[in-house]
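Only a predicted model underlies this, so the values are computations on that prediction, with no experimental measurement involved. Both counts, for ligands and for their atoms, begin at 1 and track the order of listing.
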Amino acid sequence: MTYFPNFNPKQISSKAVQTAQDLIKFYDLHGMPGKPVDLTKLLDKFELREMELPKTTWGFTLDVGYKIVIVINQALSPELKRYVAMHEVGHVGLWHPNQLHSCVVGKAEYDHLENEATMVAAYLLVPAEAVAEPFTLVRLGELAECYSVPSELILMRRGLYLSTGV
Ligand SMILES: [Zn+2]
């Protein structure tokens with residue numbers, strides 16, 4: 001099973017990558033390569049809630065004026081929860097124009113905003129060191145475990161995830 005059937009790397013703007021790099025720098029996210037990225041400082045800026053949601057709804061973001069609430073489907077694995085949280089941070093960081101981002105998996109139309117938010121998550125959660133040379137797909141599972149991310153994110157970060165959709 002693939003979690004990201006409609007991801008299209010061609011739709012990623014340089015703005016998305018730059019925003020991710022700015023967040024990494026500002027929150028010093030990649031100071032400890034070889035371990036899961038510590039998201040505490042970044043997530044302090046948000047209110048994180050886990051809730052029972054429909055299976056296909058992984059999470060959403062609510063701007064309630066004085067704070068931004070990120071809601072995550074409580075049934076997801078720890079790796080997917082980390083991913084969803086950073087995907088939502090991606091939407092917020094890129095000033096995507098909806099007040100409510102409902103992020104549903106397996107949607108037929110995976111628009112460029114979703115792609116960008118996913119790419120921001122890949123950059124935030126996977127340090128450059130993780131995909132540096134010598135890179136081999138044999139280590140994919142090991143890297144995913146080491147950084148506590150879905151393995152697709154490692155591939156996206158490396159520029160190898162080229163899903164054409166279903
Ligand atoms: Zn989304």
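Residues satisfying the side chain to side chain contact (heavy atoms under 4.5 Å, CB included) test with Met51, not counting sequence neighbours, are Leu53, Val71. The salt bridge (Lys or Arg N to Asp or Glu O under 4.0 Å) search around Glu50 returns Lys81, not counting sequence neighbours. Judged as a side chain to side chain contact (heavy atoms under 4.5 Å, CB included), and not counting sequence neighbours, the contacts of Lys41 are Tyr27, Asp28.
Around the Zn ion (ligand 1), the protein atoms of type N, O or S that sit closer than 2.8 Å are His87 NE2, His91 NE2, Cys103 SG, Glu114 OE1, Glu114 OE2.
A side-chain donor-acceptor contact under 3.5 Å links Glu114 and His91.
Within 6.0 Å of the CD atom in Glu47, the count of heavy atoms belonging to other residues, nucleotides or ligands exceeds 12.
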Yes or no on salt bridge (charged side-chain N to carboxylate O under 4.0 Å, His left out) for Glu152 and Arg157, after CA distance, side-chain angles and deciding distance?
CA-CA 9 Å; Glu152 289 90 340; Arg157 181 65 182 84; over 6 Å; no
